[in-house]
Number of protein chains: 2
Amino acid sequence: MPFMLDEFLPYRLNVAATLISRRFAALHQEETGISIPEWRVMAHLANEGQVSIRDIHARVNLDKSIVSRAAARLEQAGHLRKSGHMQDRRLISLELTPKGQDLMQRLGEIADAFQARLHAELGPDAERFETMLEQLIAGAARDRDTAA
Amino acid sequence: MPFMLDEFLPYRLNVAATLISRRFAALHQEETGISIPEWRVMAHLANEGQVSIRDIHARVNLDKSIVSRAAARLEQAGHLRKSGHMQDRRLISLELTPKGQDLMQRLGEIADAFQARLHAELGPDAERFETMLEQLIAGAARDRDTAA
DNA sequence: AAAGAGCGGTTGCGGTTGCAACGGGAATAA
DNA sequence: TTATTCCCGTTGCAACCGCAACCGCTCTTT
């Protein structure tokens, strides 16, 4: 029996992820001009208030260089403000500006609406699906730790 | 209630997909030196025999330029052969070489083993999970078509 | 106190991606 | 036939990614 690419889980996951990301981007990209890394940084800042690059890197699965550059672009656009940490001068405090908070509010609405739509498409087992995604992520983390 | 990135489906999907892809790459990359686009091209060729670039592009969710470059690398490495189509001279026939078939056989084994492991980690509902992934993909395709 | 190791953020660089433009070939229309 | 339109694969280009090197700062060790 030949190998079937369409039944290969990593392949399907990847296709689903890129398609869904594209869909989401189409919903807000033109209005907001925000890229995916920038989106993650902002969403994290909206929850956490003052945060350093390292925190975001550890939390949202982005290389620290990517976080750094995303933060630079967001600062350039006036969405966030950088300031030095007073105890540890290596650290940088990132914080949303009012403008950034407004944008994040708008993005949150779009995201919530999209999420609702996806749940509708998935039907009643959407919760179950998310749980299993979580399992996959946890499994991958475990795998990486045991490999090291 | 603030927006929670971790509960946002596109985010989770993306994280899961990249982690799983990385895991899979770690299993074969060193041995085979094959990238993800190359892997998709080869897997498709293994099933379909003679195929053009356009077919692969339409089938495995890769831009035609990416398919073109992946094919060039694979040809360079001796894994596939290009030949002109005789009816339509715009088309190109791609076909695995014996060496490419051997490699694909090996990759298939690794992929099957990995797939089995993922299913084990997911438990009895793995099938259900895949079905829902399929739903997401189909939904995205539908969305794109209606948008156009 | 001084040296060394370790950490946080930035930057440089090679490779990849995605899009648009191109050139050759085929198909349709007049 | 000729001309126009469309299609296929390649290539140019700008942006992005991931990794590693680096610099300044902090902590530990002696």
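First the proteins, then the strands, lettered A, B, ... as listed; each starts at 1.
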Practice task
Find which nucleotide of DNA chain D each of A:Asp63 and A:Arg90 is nearest to by heavy atoms, and output the residue with the more 5' nucleotide.
Solution key: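 Per heavy-atom nearest nucleotide, the more 5' residue is A:Asp63.
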Problem - Of A:Gln87 and A:Arg73, the one whose closest DNA chain D nucleotide lies more 5' - result: A:Arg73
Please confirm whether any donor atom in the side chain of [X] sits under 3.5 Å from an acceptor in the base of [N], or the reverse.
{"X": "A:Arg69", "N": "D:dG18", "answer": "yes"}
{"X": "A:Ser65", "N": "D:dC19", "answer": "yes"}
{"X": "A:Arg89", "N": "D:dC25", "answer": "no"}

Between [N] atom [atom2] and [X] atom [atom1], what is the distance in whole Å?
{"X": "B:Ile66", "N": "D:dG12", "atom1": "CD1", "atom2": "C1'", "answer": "15 Å"}
{"X": "B:Gln29", "N": "C:dG15", "atom1": "CD", "atom2": "P", "answer": "14 Å"}
{"X": "B:His85", "N": "C:dG25", "atom1": "NE2", "atom2": "C1'", "answer": "14 Å"}
{"X": "B:Leu91", "N": "D:dG9", "atom1": "CG", "atom2": "P", "answer": "5 Å"}
{"X": "B:Ile36", "N": "D:dG18", "atom1": "CD1", "atom2": "C1'", "answer": "13 Å"}
{"X": "B:His57", "N": "D:dT10", "atom1": "NE2", "atom2": "C1'", "answer": "14 Å"}
{"X": "A:Asp55", "N": "C:dG9", "atom1": "CG", "atom2": "P", "answer": "8 Å"}
{"X": "B:Ile34", "N": "C:dT16", "atom1": "CD1", "atom2": "C1'", "answer": "16 Å"}

Fill in the blank from the handout: Winner on side-chain proximity to A:Ile53, out of D:dT10, D:dC17, C:dT10, is C:dT10
Problem - A:Gln105, CD: over 12 other non-hydrogen atoms inside 6.0 angstrom - result: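 No, not enclosed.
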Practice task
Please find out if less than 6.0 Å separates the ring center of B:Tyr11 from that of A:Trp39.
Solution key: no
Exercise for the section: May I ask you to verify if any side-chain N or O of A:Lys82 is less than 4.0 angstrom from the OP1 or OP2 atom of C:dT10? Expected result: yes
Exercise for the section: Ignoring backbone atoms, test whether A:Ser68 places a side-chain nitrogen or oxygen under 4.0 Å from the OP1 or OP2 oxygen of C:dT10. Expected result: yes
Handout entry: Basic-acidic side-chain contact under 4.0 Å: B:Arg128, A:Asp125
Key =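 A salt bridge is present here (some side-chain N lies under 4.0 Å from a carboxylate O).
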Problem - Between CG on residue B:Leu80 and CD on residue B:Glu38, distance to nearest 0.5 Å - result: 9.5 Å
Problem - Exercise: do A:His119 and A:Glu130 side chains pair donor with acceptor under 3.5 Å - result: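 A pair is found: one side chain offers a donor N or O, the other an acceptor, under 3.5 Å apart.
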Handout entry: 5'-most by nearest nucleotide on DNA chain C - A:Ala71 or B:Met86
Key = A:Ala71
Practice task
Would you mind telling me which residue lines up with the more 5' stretch of DNA chain C, A:Ser52 or A:Arg22, judged by nearest nucleotide?
Solution key: A:Ser52
Practice task
Classify the nucleic acid contact of A:Ser35 as base, sugar-phosphate or nothing, counting any heavy atom under 4.0 Å across all strands shown.
Solution key: nothing
